[in-house]
Amino acid sequence: MSQLNIDKIRADFPILHQEINGKPLVYFDNAATTQKPKAVIDALSGYYEGYNANIHRGIHHLAEKATSAFEETRKSIQRFLNAPSHEEIIFTYGTTDGINLVANTYGRSFLQEDDEIIISTMEHHSNIVPWQMLCQEKGCVLKVIPITEHGEIIMEEYVKLLSEKTKIVSVVYASNALGTVNAIKEIIEEAHKVGAVTLVDGAQATSHIKIDVQELDADFFCFSAHKLYGPTGMGAMYGKRELLDKMPPWRGGGEMIKEVTFEHTSFNELPYKFEAGTPNIADVIALNTALDYVNDLGLENIAAYEQELLEYATEKLQAIDGLKIIGQAAEKVSVISFVIDGIHPQDIGVLLDQQGIAIRTGHHCTQPLMQRFGIVGTSRASFAVYNTKEEIDKLAEGLLKVKRFLM
Ligand code: PLP
């Protein structure tokens with residue numbers, strides 16, 4: 001029995017209380033983005049209505065208030081990830097931006113021809129393409145860890161790929177397409193044995209798993225606010241100070257400098273060295289409210305409830321004739337990807353939408369993973385803390401209707 005009052009939680013999310021196509025909305029597209037509680041929406045408008053001002057250089061009241069709220073979020077993220085210091089938290093546009101930052105700074109500065117970068121088969125395009133671009137530029141080699149039919153990394157194969165040539169290992173903590181939770185601590189440990197630097201794509205992990213970057217010994221950890229009940233287009237990256245210190249800046253402009261002349265520019269200290277230009281102030285501030293929201297509910301409580309939903313849904317969906325779950329790892333976050341014999345995922349999505357049920361269909365930005373399974377895509381239902389078993393019943397009934405309609 002959950003520790004959480006789900007009715008009360010649902011009341012915190014205004015968007016959930018509407019009808020789509022004449023049916024109450026069932027929102028199961030949480031791996032794409034979670035909905036936002038009213039407190040987060042209020043934090044956004046509260047900033048614009050009450051203390052909109054540019055940060056850091058202003059001395060007037062509004063600028064100081066905005067700066068202090070902005071910097072508070074950095075400290076909250078430090079606590080949320082258990083990072084050693086808040087100077088090691090860099091604001092980004094999200095996970096994609098964080099990975100690109102590392103590829104473009106650490107990667108371009110410290111990798112050379114024939115160096116190797118390791119990723120896994122289940123990576124999101126965000127954790128493939130920046131490394132491919134780097135490989136193209138520097139003549140490095142991208143190696144890919146294979147996975148089992150259940151959607152789990154084959155550790156022995158991973159260890160075989162590692163050598164003194166390996167310079168970066170960049171792996172997803174929890175897969176958006178399969179739900180698999182990877183043994184990320186072990187993956188990092190093995191990478192460190194050959195002296196490689198590690199990046200964890202935490203996009204799907206932060207809303208389901210308690211993160212401790214020190215315990216993981218991750219060198220870089222990236223996440224997006226919008227998958228954590230916060231706003232879109234912002235996120236953060238943790239990096240170990242010794243690495244961030246030796247990395248050159250990426251984007252140039254205001255804020256990231258100490259002194260500029262036409263002949264020479266000296267760069268600001270951490271974390272500002274990596275934060276050129278006016279940042280996404282309102283969204284950064286609202287992320288703090290989202291973190292408070294998650295912390296108040298308790299990540300352990302959220303995870304336990306979502307596991308209940310996952311188990312319930314797995315049982316319900318598996319009972320549907322012709323339905324196959326793609327991704328059956330022993331450890332999963334609350335994501336179920338599935339295919340149904342003879343029905344295109346797109347058709348499933350459209351027909352469920354007519355019943356007010358929002359799921360995601362397609363390749364989920366993991367085309368190579370879909371190729372691994374020999375499929376064009378899947379239908380994916382992903383659950384958040386405000387979802388219920390009654391909604392899962394509706395999904396199961398909806399899928400039966402889809403089958404009756406199309407077959
Ligand atoms: N990595 C994973 C595993 C994801 O699920 C996503 C988003 O779906 C991303 C990276 C990219 O996140 P964003 O689009 O917020 O940068």
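FYI, the numbering just counts along the sequence from 1. Bear in mind the structure is a predicted one, so any value in this text is a computation, not a measurement.
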Let me confirm one number: the CG-CD1 distance from Leu369 to Ile375, rounded to the nearest 0.5 Å. 7.5 Å
Under 6.0 Å between the ring centres of Phe80 and Tyr238? no
Would you say that more than 12 heavy atoms from the other residues, nucleotides or ligands in this model lie under 6.0 Å from the NZ of Lys143, or not? no
Between Asn268 (side chain) and Met256 (backbone), is there a donor-acceptor pair under 3.5 Å? no
With the threshold set at 4.0 Å, does a side-chain nitrogen-carboxylate oxygen contact exist between Glu275 and Arg74? yes
Below 4.0 angstrom, N of the basic side chain to O of the carboxylate: do Lys38 and Asp42 qualify? yes
Just by modelled atom types, is the Ser382 backbone N or O under 3.5 Å from a matching donor or acceptor in the Ser334 side chain? no
Check against side-chain hydrogen bond (donor to acceptor under 3.5 Å, both in side chains), Tyr312 and Asp393: CA-CA 9 Å; Tyr312 186 77; Asp393 290 341; 2.6 Å; yes
Counting only heavy atoms from other residues, nucleotides and ligands, does the tally under 6.0 Å from CD of Glu259 exceed 12? no
Verify side chain to side chain contact (heavy atoms under 4.5 Å, CB included) between Asp347 and Thr361, making sure each step is shown before the conclusion. CA-CA 9 Å; Asp347 294 336; Thr361 60; over 6 Å; no
Atom CD1 of Ile168 and atom CG of Leu199: how far apart are they, to the nearest 0.5 Å? 8.0 Å
Among Asp12, Thr34, Asn30, which residue satisfies the side-chain hydrogen bond (donor to acceptor under 3.5 Å, both in side chains) criterion with Tyr386? Asn30
Do Gln318 side-chain atoms and Leu323 backbone N/O form a donor-acceptor pair below 3.5 Å? no
Quick one: does any side-chain atom of Thr180 pair with a main-chain N or O of Gly151 as donor and acceptor, under 3.5 Å? yes
Can you check whether Phe373 reaches Ile147 side chain to side chain, under 4.5 Å on heavy atoms? yes
Let me know which of Leu309, Leu4, Leu299 forms a side-chain contact (heavy atoms from CB on, under 4.5 Å) with Val385. Leu4
Run through Ile187, Thr206, Leu216 and flag the one making a side-chain contact (heavy atoms from CB on, under 4.5 Å) with Tyr173. Leu216
Hey, what do you get for CG (Leu352) to NZ (Lys394), rounding to the nearest 0.5 Å? 13.0 Å
Residue pair Thr314 / Glu311, side-chain donor-acceptor N/O under 3.5 Å: no
Does any N or O in the side chain of Lys185 come within less than 3.5 Å of the main-chain N or O of Glu215, such that one atom is a donor and the other an acceptor? yes
Evaluate the ring planes of His363 and His125, with Trp represented by its six-membered ring, and classify them as parallel (under 30°), tilted (30 to 60°) or perpendicular (over 60°). tilted
Validation row: Leu162, Val169 side chains within 4.5 angstrom (heavy atoms): yes
Anything under 30° is parallel, anything over 60° is perpendicular, the rest tilted; go ahead and classify Phe13 against Tyr293. perpendicular
Within this structure, what is the CG-CZ distance for the pair Leu244 and Phe274, rounded to the nearest 0.5 Å? 5.5 Å
Just wondering, do Ile77 and Leu287 contact through their side chains at under 4.5 Å, heavy atoms? yes
May I ask you to decide whether Arg372 forms a salt bridge with Glu149, counting only side-chain N to carboxylate O separations under 4.0 Å? yes
How about NZ on Lys324, more than 12 heavy atoms from neighbouring residues, nucleotides or ligands closer than 6.0 Å, or not? no
Determine the minimum heavy-atom distance between Thr198 and Ala191, stating which atoms define it. CG2-CB, 3.5 Å
Is a donor on one side and an acceptor on the other found under 3.5 Å between the side chain of Tyr47 and the backbone of Ala53? yes
Which pair of heavy atoms, one from Thr67 and one from Ala63, lies closest together, and at what distance? OG1-O, 2.6 Å
Can you tell me how far apart CD (Gln35) and CG (Leu25) are? Round to the nearest 0.5 Å. 7.5 Å
So which atom in Thr121 and which in Pro146 form the shortest heavy-atom distance, rounded to 0.1 Å? OG1-CA, 3.5 Å
Does Lys240 pair with Asp217 as a salt bridge, N-O distance under 4.0 Å? yes
Does any pair with a residue in residues 91-110 pass salt bridge (Lys or Arg N to Asp or Glu O under 4.0 Å), and if so which ones, sequence neighbours excluded? Asp97-Arg251, Arg108-Glu137
Are any side-chain N or O atoms of Asn288 and backbone N or O atoms of Ile285, one a donor and one an acceptor, separated by less than 3.5 Å? no
Heavy-atom pair with the smallest gap, counting every atom of Ile99 and Pro130: CG2-CG, 4.0 Å
Between His124 and Ser126, is a side-chain hydrogen bond (donor to acceptor under 3.5 Å, both in side chains) present by the stated rule, with each step listed? CA-CA 5 Å; His124 189 280; Ser126 304; 2.9 Å; yes
Min side-chain heavy-atom separation Val102-Val197 under 4.5 Å: no
Determine, step by step, whether Asp219 and His192 satisfy the side chain to side chain contact (heavy atoms under 4.5 Å, CB included) criterion, reporting the C-alpha distance in whole Å, the side-chain angles of both residues, the deciding distance to 0.1 Å, and the verdict. CA-CA 10 Å; Asp219 297 303; His192 285 166; 2.8 Å; yes
If we only count heavy atoms from C-beta on, is the Asp283 to Leu44 side-chain gap below 4.5 Å? yes
Under 3.5 Å: donor-acceptor pair, side chain of Lys401, backbone of Gln355: no
Nearest heavy-atom pair of Val335 and Ala31: which atoms, and what distance? CG2-CB, 4.3 Å
Inspect the surroundings of CE in Met370 and state if more than 12 heavy atoms from other residues, nucleotides or ligands are less than 6.0 Å away. yes
List the steps, then state whether side chain to side chain contact (heavy atoms under 4.5 Å, CB included) holds for Glu190 with Ile118. CA-CA 12 Å; Glu190 293 297 337; Ile118 297 182; over 6 Å; no
Test side chain to side chain contact (heavy atoms under 4.5 Å, CB included) applied to Lys36 and His226, step by step: CA-CA 8 Å; Lys36 323 303 170 202; His226 71 101; 3.8 Å; yes
Backbone N or O of Tyr106 within a donor-acceptor pair of the Lys246 side chain at under 3.5 Å? no
If you count every heavy atom of other residues, nucleotides or ligands that lies below 6.0 Å from Asp296 atom CG, does the total exceed 12? yes
Hey, what do you get for CG (Leu134) to OG (Ser170), rounding to the nearest 0.5 Å? 11.0 Å
Neighbour count >12 (heavy atoms, 6.0 Å) for atom OH, Tyr93: no
Mind checking whether Leu351 and Leu406 have side chains closer than 4.5 Å, heavy atoms only? yes
For residues Arg241 and Glu87, determine if any side-chain heavy atom of one lies less than 4.5 Å from a side-chain heavy atom of the other. yes
Ring-ring centroid check Phe91 Phe70, cutoff 6.0 Å: yes
Between Thr265 (side chain) and Val260 (backbone), is there a donor-acceptor pair under 3.5 Å? no
Min side-chain heavy-atom separation Leu395-Glu391 under 4.5 Å: no
